[in-house]
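Contents: one structure, followed by commentary.
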There are 2 protein chains.
Amino acid sequence: MSLGGLLGEEAGAALQQVRTEPIQQRSAARLSGLLDAAAAVVDEVGFDRITTAMIAERAGASIGTVYRYYPDRVAVLHALHERAVVRFRQRVVDELGASTLTSWWDAVDCVVTAFVGLYRSEPGFRIVNFDDRDGAPAADAVADADFFARRLADVLVNEFDLPGGDDLIFRLEVAVEMADALLARAFHTDPVGDERFIAECRLVLRNYLDGFYSPQALNLLADAS
Amino acid sequence: MSLGGLLGEEAGAALQQVRTEPIQQRSAARLSGLLDAAAAVVDEVGFDRITTAMIAERAGASIGTVYRYYPDRVAVLHALHERAVVRFRQRVVDELGASTLTSWWDAVDCVVTAFVGLYRSEPGFRIVNFDDRDGAPAADAVADADFFARRLADVLVNEFDLPGGDDLIFRLEVAVEMADALLARAFHTDPVGDERFIAECRLVLRNYLDGFYSPQALNLLADAS
DNA sequence: CCAGGATGATTGAATTCCACTCGGTGACCA
DNA sequence: TGGTCACCGAGTGGAATTCAATCATCCTGG
């Protein structure tokens with residue numbers, strides 16, 4: 001579900017996690033400081049070994065402060081996840097803007113590149129693979145697609161000529177799940193990411209989104225064999 | 001990593017989890033009873049909310065009994081996972097035996113069908129998606145491929161003519177990750193499994209394993225467009 | 001410009017919950 | 001009847017979470 005953030009979730013959703021909206025100035029620093037601390041700890045012990053005490057100590061705060069901002073331990077992880085997704089979106093936008101896209105799969109490559117880049121440089125970025133098997137809202141990701149989904153869909157539909165509509169949404173959802181799985185696998189043990197899986201991910205995405213499974217493509221393959 | 005069990009792990013690995021080999025008769029029943037209880041609880045609260053007390057109570061045993069057989073909480077989950085994988089393998093074997101395979105992708109379909117079937121009928125089967133981000137051995141899944149990996153590879157390589165070797169192993173690994181992700185997605189909310197994702201999974205697997213991304217296939221697609 | 005109340009922010013000891021231990025008790029076997 | 005085997009469940013320890021007290025900052029009337 002990591003890349004899934006691309007397809008939905010209100011931009012302000014992360015703030016619903018926090019108990020009290022910070023009013024004073026210093027609080028904002030505290031809040032991001034807590035997340036920075038959590039990110040660091042995630043890199044050190046993984047996100048199921050993390051303890052509230054570790055976060056507090058690392059942030060130079062007390063336990064109570066953690067609970068002032070987040071209702072419980074997993075809420076912190078959710079918030080960190082949200083922040084990672086937001087930064088990922090931003091990176092993709094930057095990447096898209098900085099690249100000259102000669103084909104639609106350049107856009108897809110930008111997404112993969114952004115993801116891989118953050119995985120390598122952003123502390124605690126592996127939190128994107130955090131999936132709470134719980135009563136998490138699981139929001140109607142399709143209904144209120146955010147600006148980013150539109151942006152990516154626009155690129156694919158307008159700048160190049162992929163068929164849009166519900167079919168594209170579904171395909172993107174499938175593509176996201178696959179990419180997520182393959183990239184997570186690439187970084188499962190290798191901290192720099194196993195290039196084979198990364199490359200294969202790009203290849204799979206390109207072929208999948210190219211409608212390779214359309215009837216005529218299947219016929220071509222059948223004829224060739 | 002759920003389907004990943006297919007590709008490795010000693011058959012007897014599950015038993016290494018248990019603390020004491022049961023000597024007396026009744027113990028065997030206790031052991032599977034504990035797993036049955038764990039499976040039921042997993043379906044109710046998910047496998048991160050599960051507590052040892054829940055398992056004990058559901059099994060009509062005491063906490064101590066749980067720890068007599070398993071060194072800790074996650075060992076129970078591992079054992080449940082192993083049992084699910086074993087049953088999955090068995091189901092695949094049955095399915096393969098019962099079907100008349102006219103093409104290699106019939107074999108792949110059997111695997112998907114078995115997985116989906118168990119997801120629907122086997123209590124707590126979602127445990128197959130349990131991934132311990134830990135010091136778990138992560139066994140050399142490639143080195144000592146078990147009978148099942150050989151069985152499936154044999155089917156694909158011998159009965160039909162897919163290229164074997166390391167490339168096949170890698171492709172299977174990739175295919176497993178993708179299928180795992182898509183099927184997990186299919187069952188993420190829908191307890192019966194979203195048919196769209198299941199069908200798409202079959203399609204993706206078929207095309208991916210068909211070497212659709214080979215140079216000549218890409219050329220064919222390019223020519224067609 | 002400032003006293004001092006109001007409200008936000010922080011603290012950490014106390015509490016609760018949960019994984020896990022262990023000494024004691026009954027059940028089977030030879 | 002002695003010797004294991006199984007089982008039990010109160011007890012221990014550590015981590016999550018609460019909360020009443022304290023500190024910091026803002027605001028306002030004089």
Side-chain angles (χ1 to χ4, degrees), chain A residues 15 17-38 40-42 44-80 130 132-136, chain B residues 15 17-38 40-42 44-81 127 130 132-136:
Chain A
L15 294 182
Q17 304 285 352
V18 305
R19 242 175 180 173
T20 304
E21 193 84 12
I23 307 290
Q24 298 183 2
Q25 179 71 353
R26 54 178 172 163
S27 303
R30 265 273 185 239
L31 232 166
S32 67
L34 285 175
L35 289 187
D36 291 340
V41 176
V42 160
E44 283 169 22
V45 303
F47 53 79
D48 6 71
R49 292 276 186 233
I50 205 173
T51 74
T52 52
M54 290 177 189
I55 298 172
E57 184 189 357
R58 178 61 70 103
S62 73
I63 303 282
T65 301
V66 174
Y67 285 92
R68 166 163 188 79
Y69 292 109
Y70 299 101
D72 57 26
R73 198 181 63 96
V74 303
V76 180
L77 296 178
H78 269 128
L80 186 58
F130 173 65
D132 194 20
R133 293 67 107 147
D134 238 3
Chain B
L15 294 182
Q17 304 286 354
V18 306
R19 238 174 183 175
T20 304
E21 194 83 13
I23 307 291
Q24 299 182 2
Q25 180 68 1
R26 54 178 172 165
S27 303
R30 266 276 184 230
L31 231 167
S32 67
L34 285 175
L35 289 187
D36 291 340
V41 176
V42 159
E44 283 169 21
V45 303
F47 52 79
D48 1 79
R49 293 276 187 233
I50 204 172
T51 74
T52 52
M54 290 178 190
I55 298 172
E57 184 189 358
R58 177 61 69 103
S62 72
I63 302 281
T65 301
V66 174
Y67 285 92
R68 168 162 189 79
Y69 293 109
Y70 298 101
D72 58 25
R73 199 182 63 97
V74 303
V76 180
L77 296 179
H78 269 127
L80 186 58
H81 174 88
I127 193 71
F130 173 63
D132 195 17
R133 293 71 104 149
D134 238 4

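In what follows, every chain begins at residue 1, and chains take the letters A, B, ... in the order their sequences are listed.
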With respect to the phosphate group of D/dT17, does any side-chain polar atom (N or O) of A/Tyr67 fall under 4.0 Å of OP1 or OP2?
-> yes
Give a yes/no answer on whether the side chain of A/Tyr70 brings an N or O atom under 4.0 Å of OP1 or OP2 in D/dT17.
->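 It does not, given that no N or O in the side chain of A/Tyr70 lies less than 4.0 Å from OP1 or OP2 of D/dT17.
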Distance in angstrom units between [X] [atom1] and [N] [atom2], rounded:
X       : N      : atom1 : atom2 : value
B/Arg49 : D/dA16 : CZ    : P     : 13 Å
B/Arg68 : C/dT25 : CZ    : C1'   : 14 Å
A/Asp48 : D/dA16 : CG    : P     : 12 Å
A/Tyr69 : D/dT18 : OH    : C1'   : 17 Å
B/Leu34 : D/dC7  : CG    : C1'   : 12 Å
A/Asp72 : D/dT17 : CG    : C1'   : 9 Å

Name all residues meeting the side chain to side chain contact (heavy atoms under 4.5 Å, CB included) criterion together with [X]; count only those two or more places apart in sequence or in a different chain, and write none if there are none.
X       : result
B/Thr51 : B/Ala53, B/Met54
A/Ser62 : A/Thr65
B/Thr52 : B/Ile63, B/Tyr67, B/Arg73

Would you classify A/Thr51 as touching base, sugar-phosphate or nothing, given that sugar-phosphate means primed atoms plus P, OP1 and OP2, and contacts are heavy atoms under 4.0 Å?
->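 The residue A/Thr51 makes sugar-phosphate contact but no base contact.
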Nearest 0.5 Å please: distance from the CZ atom of A/Phe47 over to the CG atom of A/Leu77.
->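 These two atoms lie 8.0 Å from each other.
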When rounded to the nearest 0.5 Å, the distance separating OH of A/Tyr70 from CG of A/Leu35 is 3.5 Å
Identified side chain to side chain contact (heavy atoms under 4.5 Å, CB included) partner of B/Leu34 from the options B/Leu80, B/Val76, B/Ile55 =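 When side chain to side chain contact (heavy atoms under 4.5 Å, CB included) is applied between B/Leu34 and each of B/Leu80, B/Val76, B/Ile55, only B/Ile55 qualifies.
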Considering only D/dC7, D/dT17, C/dA9, which nucleotide approaches the side chain of B/Arg30 most closely?
-> D/dC7
A/Arg73, nearest nucleotide to its side chain (from C/dT10, D/dA6, D/dA16) | D/dA16
Which residues satisfy the salt bridge (charged side-chain N to carboxylate O under 4.0 Å, His left out) test with A/Glu44, sequence neighbours excluded?
->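 Expected list: A/Arg58.
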Tell me which residues in residues 52-63 of chain B put a heavy atom below 4.0 Å from DNA chain D, sorted by number, or none.
-> B/Ala61, B/Ser62
